[in-house]
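Notes to accompany the following structure.
Keep in mind that this is a model prediction, so the values were computed, not measured.
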Amino acid sequence: MTTTMTTSDLSVKINLQPLQRHKATYPLTPVQAKSIKQRMLDWANQFSILLFLDSNNYPSVYSGYECLLAAGAVSSNSECHLTSLQQLHNASHDWVFGHISYDHKNLLEPKLTSGHPVKTGFPLLYFFIPQTVCHINREQTILTIESFDDPGVIYRSINETPVSPVVKMPTLQFTSVIDKDSYMETIAKLRRHIADGDCYEINFCNEGFCENTDVASLQVFNALNALSPAPFAAYYRLEDKYMMCASPERYLRKEGDKILSQPIKGTARRDKDLLKDEEIKEALRNDIKERAENVMIVDLVRNDLARCCETGSVLVNELFGIYSFPQVHQMVSTVCGKLKAGVPFTDAIRYSFPMGSMTGAPKYKVMQLIENYERSARGLFSGTVGYITPGGDFDFNVIIRSLFYNAATRYLSYQTGGAITYDSDPQREWDETRLKAWALERIFS
C-alpha cells in the first residue's frame with residue numbers, strides 16, 4: 001500500500017482500511033490548562049491544513065469539548081458535494097473536519113447562481129480526515145490525542161513548543177465595497193421588496209477589504225480571540241487560505257438522533273457602565289423589531305428541520321434568550337428535533353443550509369435578492385466550519401465576525417450585515433454593521 005501523508009495537496013487520498021489511530025489521554029494541571037491550547041495551535045501551525053475550534057470557556061449544556069484541533073490531512077472529499085462528504089465518513093468512520101461555503105447553495109438549489117468574483121479562494125466544500133486530532137474536555141482536565149503517529153511524541157512536542165508572543169498588528173485601513181449612501185439606498189429598495197410581498201426578512205451584507213497586505217494569520221487570530229472570545233471561535237488554514245473566526249453562533253449540532261440549531265437574530269452594543277449595559281440588555285429583550293426578526297428565523301429553522309426530522313419532534317427549547325459577549329448582547333433561540341431513522345446525517349445539513357439567520361425568509365427568494373443586491377461573493381462568510389465524530393455526531397458554527405486572508409493574493413477581508421425587515425431604520429442598520437466591523441478592524445488600528 002502506498003500512503004501519501006503530504007498536506008500540500010487538497011486531493012490527497014489514501015486506502016483507509018489498514019490505518020489505525022493511536023489514542024492516549026493526558027491529565028492537565030491548572031497551570032498546563034492555561035497555556036495548552038495556545039501550545040497546541042502553535043505546534044499545529046507547521047501543517048498546511050488545520051482547523052482549531054475553541055469554545056473559550058463559555059458554559060453550555062450542548063457542547064462536549066472545550067476545544068478541538070485537527071492537524072494534517074490524510075484523506076479528503078473527492079467532490080464539492082454533501083454526497084462526497086457522506087461517502088468519506090462512511091468509508092472511514094473516522095474524525096472528519098472541514099467547511100461548507102455559502103455558495104454551496106447553488107448545488108443544493110441548482111437554479112441559484114453566483115456571479116460575483118470569489119477573492120478569498122476557499123472551495124465550495126472541503127472536508128478532510130486529519131492526521132492528528134487533539135481535544136480537551138469541558139472541564140479542561142484531560143487532553144486526548146488521537147493520531148496515526150505516536151501520541152506520546154506529539155504530546156511532548158506540544159509541551160515543548162514555545163507559546164507565541166503577543167505582537168502588534170500592522171495599521172491597516174479597510175475599504176467598504178458599499179459606501180454608506182449606497183447602503184442606505186439599498187435598504188430602501190429591500191424595504192420595497194418586503195412591502196411588495198417578495199419577502200419578509202432579508203440578511204444584507206457588505207464587505208470590507210485591504211489589498212496588497214501582509215499579515216501573520218495565526219497572530220491575527222490570537223489578537224481577535226483575545227479581544228472577542230466567542231463560543232464558536234475557529235482558526236482554519238487551507239494551504240494559502242486562512243480564516244480567523246470569532247463566531248458566537250451555532251449552526252447545527254447532532255448528538256445521536258437529536259438535531260439542534262441556535263439561530264441568532266437581535267444585536268445590541270455593550271456599555272462599560274454596568275447599569276447602562278443592563279438597560280441595553282433589557283431593551284434588546286423587549287425590542288419588538290428584534291423579536292420579530294428572531295421569531296421569523298425560528299419559524300424558518302423549524303420548517304427546515306421538519307424536512308429531515310420525525311413528524312412532531314421539532315420543538316423550540318428557548319425563544320428570545322439573551323446572551324452577552326464582549327462587544328454585543330445577542331438574542332438567541334434554540335430549536336431541536338429528532339432525525340428520521342435511516343436517513344444520512346448530511347440530510348440535516350442538506351435541508352437547512354445555508355442557515356436561515358444568514359439568509360432571511362422565504363429562503364429561496366431572499367437568496368436571489370442577496371445575489372442581486374450584494375456586491376461581493378460571500379465565500380466562506382455565512383458558511384460553516386466544524387467536525388464530525390467517528391460515530392457520526394457533529395457540531396458546526398455560523399461563520400460570522402471573521403477575517404479571511406489569501407496569502408497568495410495578499411487579500412484580507414471581512415463581511416458584516418444584519419437582518420432587514422420593513423420596520424428597519426437604514427441608519428440603525430448601518431450602525432449595526434459598523435459595530436460588527438469595528439470589532440474586527442480595531443485589531444489593526
If you measure only the distance, is there a donor-acceptor pair under 3.5 Å linking the side chains of [X] and [Y]?
| X | Y | result |
| --- | --- | --- |
| Q262 | T334 | yes |
| D240 | N406 | no |
| E146 | T132 | no |
| Y373 | H193 | yes |
| Q427 | D431 | yes |
| S114 | K105 | yes |
| E207 | S376 | yes |
| R307 | S352 | no |
| S182 | D179 | yes |

Counting only N and O atoms by type, is there a donor-acceptor contact under 3.5 Å from the side chain of [X] to the main-chain atoms of [Y]?
| X | Y | answer |
| --- | --- | --- |
| S402 | I400 | yes |
| Y251 | P263 | no |
| S76 | F128 | no |
| N294 | K265 | yes |
| D94 | P390 | no |
| T416 | A437 | no |
| Q415 | A377 | yes |
| R138 | G64 | no |
| H116 | E374 | yes |
| S313 | C309 | no |

Item to check | side chain to side chain contact (heavy atoms under 4.5 Å, CB included) partners for Q86, two or more places apart | outcome: N90, P344, F345, T346
Work out which heavy atom in [X] is nearest to a heavy atom in [Y]; give both atom names and the distance.
| X | Y | result |
| --- | --- | --- |
| R250 | S63 | NH2-OG, 3.2 Å |
| R291 | N286 | CD-C, 4.1 Å |
| E290 | T267 | OE2-O, 3.5 Å |
| F221 | C245 | CE1-O, 3.8 Å |
| Y183 | I178 | N-CG2, 3.5 Å |
| N45 | R237 | O-NH1, 3.3 Å |

Flag side-chain contact, heavy atom, 4.5 Å: [X] against [Y]:
| X | Y | answer |
| --- | --- | --- |
| V133 | F97 | yes |
| K241 | Y405 | no |
| S164 | Q38 | yes |
| I443 | L227 | yes |
| W438 | Q327 | yes |
| D198 | R192 | no |
| C134 | I158 | yes |
| N397 | V385 | yes |

Salt bridge or not for [X] and [Y], using N-O below 4.0 Å?
| X | Y | result |
| --- | --- | --- |
| D393 | K254 | yes |
| D304 | K363 | yes |
| R378 | D103 | no |
| R428 | D287 | yes |
| E255 | K258 | no |
| D214 | R410 | yes |
| R191 | E201 | no |
| R269 | D271 | yes |

Aromatic ring centroids of [X] and [Y] under 6.0 Å?
| X | Y | value |
| --- | --- | --- |
| F52 | Y235 | no |
| Y323 | H329 | no |
| Y414 | F174 | yes |
| W95 | H135 | yes |

Next on the checklist: Could you walk me through whether R270 and D277 satisfy the salt bridge (charged side-chain N to carboxylate O under 4.0 Å, His left out) test, starting with their C-alpha distance in whole Å, then the side-chain angles of each, then the deciding distance to 0.1 Å, before giving a yes or no?
Outcome noted: CA-CA 6 Å; R270 299 293 305 270; D277 191 59; 2.9 Å; yes
Checklist entry - Near E79 CD, under 6.0 Å, is it more than 12 heavy atoms from other residues, nucleotides or ligands? => result no
Item to check | Atom OH of Y422 with >12 non-hydrogen neighbours under 6.0 angstrom | outcome: no
Item to check | Sequence-distant partners of D42, salt bridge (charged side-chain N to carboxylate O under 4.0 Å, His left out), two or more places apart | outcome: none
Next on the checklist: As an exercise, state the distance from CZ of F353 to CG of L107, rounded to the nearest 0.5 Å.
Outcome noted: 10.0 Å
Item to check | Single hit among K289, K436, K180, R434 for salt bridge (charged side-chain N to carboxylate O under 4.0 Å, His left out) with E429 | outcome: K289
Checklist entry - Taking it one step at a time, do V96 and L85 satisfy side-chain contact (heavy atoms from CB on, under 4.5 Å)? => result CA-CA 9 Å; V96 178; L85 166 59; 3.9 Å; yes
Item to check | W430/N206 under side-chain contact (heavy atoms from CB on, under 4.5 Å): CA gap, chis, key distance, verdict | outcome: CA-CA 10 Å; W430 174 260; N206 189 15; 4.2 Å; yes
Next on the checklist: Check the orientation of F394 and F396. Use parallel for under 30°, tilted for 30 to 60°, and perpendicular for over 60°.
Outcome noted: tilted
Next on the checklist: Test side-chain contact (heavy atoms from CB on, under 4.5 Å) on R350 and T83; report intermediate values, then the result.
Outcome noted: CA-CA 10 Å; R350 186 186 315 278; T83 301; 4.2 Å; yes
Item to check | Partner of Y58 under ring pair (Phe, Tyr, Trp, His ring centres under 6.0 Å), chosen from Y65, F232, F325 | outcome: F325
Item to check | S357 and E249: CA distance, side-chain angles, deciding distance, side chain to side chain donor-acceptor pair (under 3.5 Å) verdict | outcome: CA-CA 10 Å; S357 62; E249 184 172 359; 2.8 Å; yes
Item to check | V332/F320 under side-chain contact (heavy atoms from CB on, under 4.5 Å): CA gap, chis, key distance, verdict | outcome: CA-CA 6 Å; V332 185; F320 308 144; over 6 Å; no
